[in-house]
Number of protein chains: 2
Amino acid sequence: MGKNISDIYNMLQEIAWHFGNHGFDEECCEDLSLVEFMALKKVCDNKCFSIQEIGNALNFTKSGATRIIDRLENKGYAIRERSPVDGRVCCVAVTAEGKLVISKVTEQYTVYLEDMLKGLEPQKIESIKDALKTMIELIQRQESIQSDDE
Amino acid sequence: MGKNISDIYNMLQEIAWHFGNHGFDEECCEDLSLVEFMALKKVCDNKCFSIQEIGNALNFTKSGATRIIDRLENKGYAIRERSPVDGRVCCVAVTAEGKLVISKVTEQYTVYLEDMLKGLEPQKIESIKDALKTMIELIQRQESIQSDDE
DNA sequence: ACATGATAGTTGACAACATCAACCACTATG
DNA sequence: CATAGTGGTTGATGTTGTCAACTATCATGT
């Protein structure tokens, strides 16, 4: 049984490698690094996402998060606004250009993945999707347990 | 359909994030970075793995690969030997300590994943394994296509 | 045999990036 | 209103990967 599980881990690691930072030959997402792209996606999902929240979501320190948002802002994909509720926190928001770049990159990836998956029966694709969804849920549950500990 | 595929991509990216470099709170694998660990695993799988092959396998330049092997050698997990067949190439090999650290880390991960997956029916786990295996095969096929292009 | 070109690996200079610690600005509490 | 706490920024720093130039070895043709 342990062997089975460690196989799964190794496969997850391979996949993580491929779809993570090292799977790209050149630039990953237009003029964004993967880190920046992930941050932008998080920002896009939320109304008023603070710097620290970004850091927590992506496992960065707050100064790391500051730097990432700096870069996104310089590229014109995000903006900082002071929160009206609490003058200390920054509400980070996507710009129109930010939204555009996300959809552009997503489109690109979809084509890529579609090509990769073509030839599989739809039913097989569905089962992959199911499996991934289960994994995501497990990850999220586990993350919420971790944050309870703190 | 496109929506379905882009969902899959987003999930893959989430998973890649979690099991990749940014999913760790602290050190990832004993005293190794993820990159070093991946390289060590590759080395371990092959008898006489050259520096360039490591670079290709992990998407690094040859000088990057040199640096990674430097680190592994300094930590005592790998050794360089000149190939007897071709005096230019380095055969990188794992040391006993290298093997030890791999099995130690693998053990650790297995426990972690086992805990994460407990509660799922064995049948569900099997279907996850299947899905991952399919993904890996697709990745490998696609990589071999890429290397044909060059 | 030897000149020429290709290939494997190394190295110095460099740039990108994330962290730490110190700091500033604002908020909350007594 | 003093004090402590929190969110965010910044300078200094260390790690890490790339580029280009270099050395050493091999392969080829004459």
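So you know, we letter chains A, B, ... as the sequences are listed, proteins then strands, and number each from 1.
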Checklist entry - Tell me, which pairs form a ring pair (Phe, Tyr, Trp, His ring centres under 6.0 Å) where one or both residues lie in residues 39-76 of chain B, sequence neighbours left out? => result His22(A)-Phe60(B)
Checklist outcome for this item: In terms of heavy-atom contacts, Leu113(B) and Ile5(A) come closest through CD2-O, 3.6 Å
Item to check | Reference residue Val43(A); test side-chain contact (heavy atoms from CB on, under 4.5 Å); the match among Val92(A), Ile102(A), Ile79(A), Ile68(A) | outcome: Val92(A)
Checklist entry - Between Leu34(A) (CG) and dA18(C) (C1'), how many Å, whole number? => result 15 Å
Checklist entry - In chain order, what residues pass the salt bridge (Lys or Arg N to Asp or Glu O under 4.0 Å) check against Arg71(A), with sequence neighbours excluded? => result Glu36(A)
Checklist outcome for this item: From CD of Glu81(B) across to P of dA8(C) the rounded distance in Å is 19 Å
Checklist entry - Taking atom P of dG17(D) as reference, at what distance in whole Å does atom CG of Asn21(B) sit? => result 9 Å
Next on the checklist: Once salt bridge (charged side-chain N to carboxylate O under 4.0 Å, His left out) is applied, what residue pairs with a partner in residues 119-140 of chain B remain, sequence neighbours excluded?
Outcome noted: Asp7(A)-Lys129(B)
Checklist entry - Do Asp45(B) and Lys42(B) meet the salt-bridge criterion of a basic N to acidic O distance under 4.0 Å? => result no
Checklist entry - How close do Gly20(A) and Leu34(A) get, heavy atom to heavy atom, and via which atoms? => result C-CD2, 3.7 Å
Checklist outcome for this item: Between the OG1 atom in Thr134(A) and the CE atom in Met11(B), the distance rounded to the nearest 0.5 Å is 9.0 Å
Checklist outcome for this item: Of Gly64(A) and Arg82(A), the one whose nearest nucleotide on DNA chain C sits closer to the 5' end is Gly64(A)
Checklist entry - Parallel, tilted or perpendicular: which describes the rings of Tyr9(B) and Phe19(A), with under 30° parallel and over 60° perpendicular? => result perpendicular
Checklist entry - Under the side-chain contact (heavy atoms from CB on, under 4.5 Å) criterion, do Val101(A) and Lys75(A) qualify, and how do the steps go? => result CA-CA 11 Å; Val101(A) 82; Lys75(A) 292 175 183 171; over 6 Å; no
Checklist entry - For the pair made of CD1 in Ile69(A) and P in dG7(D), what is the distance, rounded to whole Å? => result 16 Å
Checklist entry - Roughly, in whole Å, what's the span from NZ in Lys62(A) to P in dT9(D)? => result 10 Å
Could you write out each protein N or O paired with an N or O of nucleotides 13-17 of chain C at a distance under 3.5 Å?
unit_1  : atom_1 : unit_2   : atom_2 : d
dA13(C) : N6     : Arg67(B) : NH1    : 3.4

Item to check | Nearest-angstrom distance from the residue atom CG of Asp70(B) to P of dT11(C) | outcome: 7 Å
Checklist entry - Which of residues 43-52 of chain A have a heavy atom under 4.0 Å from DNA chain D? => result Ser50(A), Ile51(A), Gln52(A)
Checklist entry - Looking for any heavy atom pair under 4.0 Å, which part of the strands does Ser63(A) touch: base, sugar-phosphate only, or nothing? => result base
Checklist entry - If you look at every strand shown and take non-hydrogen atoms under 4.0 Å, does Thr66(B) touch a base, only sugar-phosphate, or nothing? => result base
Checklist outcome for this item: To the nearest angstrom, the CG-P distance between Asn74(B) and dT10(C) comes to 12 Å
Checklist entry - Of the non-hydrogen atoms in Lys99(A) and Val94(A), which two are nearest, and what is the gap between them? => result N-CG1, 4.0 Å
Checklist entry - Considering only heavy atoms, which members of residues 86-95 of chain A lie under 4.0 Å from some atom of DNA chain D? => result Arg88(A), Val89(A), Cys90(A)
Item to check | Length of the NE2-C1' vector between His22(B) and dT15(D), whole Å | outcome: 13 Å
